[in-house]
Structure formats: C-alpha cells, structure tokens
Amino acid sequence: MSSISTHVLDTSRGRPADGVPVRLELETAGGSWKEIGKGSTDADGRANNLLAPGFALRSGVYRLVFDTATYFAAQKIEGFYREVSIVFTIRDPTHHYHVPLLLSPFGYSTYRGS
C-alpha cells in the first residue's frame with residue numbers, strides 16, 4: 001500500500017464507486033503539477049497503490065484528481081461534476097494519508113480518513 005490512498009463511495013447508489021480513474025500529482029517548486037501515480041478504484045471503491053514504484057513520499061502539496069465523468073458515463077448517469085480535484089498538504093511523510101471521496105451526481109464531500 002502506498003502512503004496515500006483513497007476510497008470513493010457513490011452516495012446516490014449507496015455503494016462503492018468501482019472504476020473511477022484517479023491521478024495523484026505533486027506540486028512543483030514552480031507551481032505546476034507533476035503526475036506521480038495513477039490508478040482506478042476497485043470493486044470496493046478503493047485505490048491503495050497510487051504512488052509510482054520507487055517514489056518516496058515527502059513533505060509538499062499533493063492533488064488527487066478523480067475522473068468522475070468516466071465513472072458517471074459508465075453508470076449511465078448525467079453528473080454535474082466532470083472532475084473532482086482535492087488538494088492537500090503533507091507535513092509528515094512518515095504518516096499514511098487516506099483521502100476518501102463521497103460522491104453523487106450533484107455534489108461531493110471529502111475528509112481526512114485514517
């Protein structure tokens with residue numbers, strides 16, 4: 001398991017969101033974003049192995065980008081949000097960071113999990 005994970009729950013269906021493409025990015029010193037990993041949620045709505053092999057987690061600003069348009073299209077649902085972006089700061093890279101997403105076609109919420 002990487003030191004950053006996520007879990008997507010489709011609150012409109014009351015179940016995990018399977019097949020949501022997720023991209024993990026790190027903010028560079030110049031303010032742009034560099035992709036450091038990617039994956040898709042599994043049948044339980046989890047993406048546990050997002051970091052690229054060999055990447056050592058460090059302090060910095062990270063962004064999880066969820067391709068919700070792809071997920072909603074597969075469910076034959078017209079969603080309002082095509083993408084959800086969650087930007088967060090890691091101060092202690094020795095900790096595990098779990099960033100869940102509660103998703104519906106017309107809203108979303110997130111929090112720092114454990």
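For reference, positions follow the sequence shown, starting with 1. Keep in mind that this is a model prediction, so the values were computed, not measured.
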K.L.:
Determine, stepwise, if the pair Val84 / Ile86 fulfils side-chain contact (heavy atoms from CB on, under 4.5 Å).
P.N.:
CA-CA 7 Å; Val84 172; Ile86 302 170; 4.2 Å; yes
K.L.:
Where the side chain of Thr41 meets the backbone of Gly19, is there a donor-acceptor pair that is under 3.5 Å apart?
P.N.:
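Pair found, side chain donor or acceptor close to backbone of Gly19.
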K.L.:
Distance check, rounded to the nearest 0.5 Å: Thr6 atom OG1 versus Leu64 atom CG?
P.N.:
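Output value for this atom pair is 5.5 Å.
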K.L.:
Begin with the C-alpha distance, continue with both residues' side-chain angles, and end with the deciding distance and a verdict on side-chain contact (heavy atoms from CB on, under 4.5 Å) for Tyr62 and Ile36.
P.N.:
CA-CA 10 Å; Tyr62 291 78; Ile36 57 170; 3.6 Å; yes
K.L.:
Please find the pair of heavy atoms, one from Pro21 and one from Ser40, that lie closest to each other, and give the distance.
P.N.:
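Here Pro21 and Ser40 meet closest at CA-OG, 3.7 Å.
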K.L.:
To the nearest 0.5 Å, what is the distance between CD on Glu83 and CG on Asp67?
P.N.:
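These two atoms lie 7.0 Å from each other.
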K.L.:
Taking Leu50 as the starting point, is it possible to reach Val99 by hopping between hydrophobic residues whose side chains are less than 4.5 Å apart?
P.N.:
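Shared cluster, yes.
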K.L.:
Would you please test Leu101 and Leu9 for side-chain contact (heavy atoms from CB on, under 4.5 Å) and show each step?
P.N.:
CA-CA 6 Å; Leu101 175 65; Leu9 297 172; over 6 Å; no
K.L.:
Going by distance alone, is a donor N or O of one side chain under 3.5 Å from an acceptor N or O of the other, for Ser3 and His96?
P.N.:
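Side chains of Ser3 and His96: no pair found under 3.5 Å.
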K.L.:
Between NE2 of His7 and CZ of Arg46, what distance do you get to the nearest 0.5 Å?
P.N.:
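Answer rounded to 0.5 Å: 4.0 Å.
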K.L.:
Does CZ belonging to Arg112 count more than 12 external heavy atoms closer than 6.0 Å?
P.N.:
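It does: Arg112 CZ has more than 12 such atoms within range.
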K.L.:
Donor-acceptor check, side chain of Thr110 to backbone of Pro100, threshold 3.5 angstrom: yes or no?
P.N.:
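Between the backbone of Pro100 and the side chain of Thr110 there is a qualifying donor-acceptor contact (under 3.5 Å).
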K.L.:
Hydrophobic clustering (ILVMFWY, side-chain heavy atoms < 4.5 Å, transitive) - are Phe66 and Ile77 grouped together?
P.N.:
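Same hydrophobic cluster.
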K.L.:
Do Ile4 and Val87 belong together in a cluster built from hydrophobic side chains that touch within less than 4.5 Å?
P.N.:
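Per the 4.5 Å side-chain linkage, Ile4 and Val87 are not co-clustered.
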K.L.:
With a 6.0 Å cut-off (strictly less than), is the heavy-atom count around CZ of Phe88, excluding the residue itself, greater than 12?
P.N.:
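Yes, the 6.0 Å shell around CZ holds more than 12 heavy atoms from other groups.
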K.L.:
Check the hydrophobic clustering (I, L, V, M, F, W, Y; side-chain heavy atoms under 4.5 Å; chains of links allowed) and say if Tyr71 and Val65 are grouped together.
P.N.:
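In one cluster with Tyr71: Val65, no.
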K.L.:
Could you give the distance from CH2 (Trp33) to OG1 (Thr28), rounded to the nearest 0.5 Å?
P.N.:
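The CH2 atom of Trp33 sits 9.0 Å away from the OG1 atom of Thr28.
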K.L.:
I need the minimum non-hydrogen distance between Pro93 and Arg58, along with the two atoms involved.
P.N.:
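What the structure gives for the nearest pair is CB-CA, 3.7 Å.
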K.L.:
Under 3.5 Å, side chain of Ser5 to main-chain N/O of His98, donor-acceptor pair present?
P.N.:
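No; judged by distance alone, with no hydrogens or angles, the pair does not exist.
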K.L.:
Tell me if the CZ atom of Arg82 is crowded by more than 12 foreign heavy atoms within 6.0 Å.
P.N.:
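Count not over threshold, so no.
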K.L.:
Any chance you could lay out the side-chain contact (heavy atoms from CB on, under 4.5 Å) test for Asp92 and Tyr97, step after step, and finish with the verdict?
P.N.:
CA-CA 10 Å; Asp92 185 349; Tyr97 294 86; 3.9 Å; yes
K.L.:
How many angstroms lie between atom CZ of Arg13 and atom CG of Asp18, to the nearest 0.5 angstrom?
P.N.:
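If I round to the nearest 0.5 Å, the distance is 9.0 Å.
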K.L.:
So which heavy atom on Pro105 is nearest to which on Glu78, and how close?
P.N.:
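Closest pair (atom of Pro105, atom of Glu78, distance): CB-O, 4.2 Å.
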K.L.:
What distance do Tyr81 atom OH and Phe72 atom CZ have between them, rounded to the nearest 0.5 Å?
P.N.:
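Rounded to the nearest 0.5 Å, the OH-CZ separation comes out at 10.0 Å.
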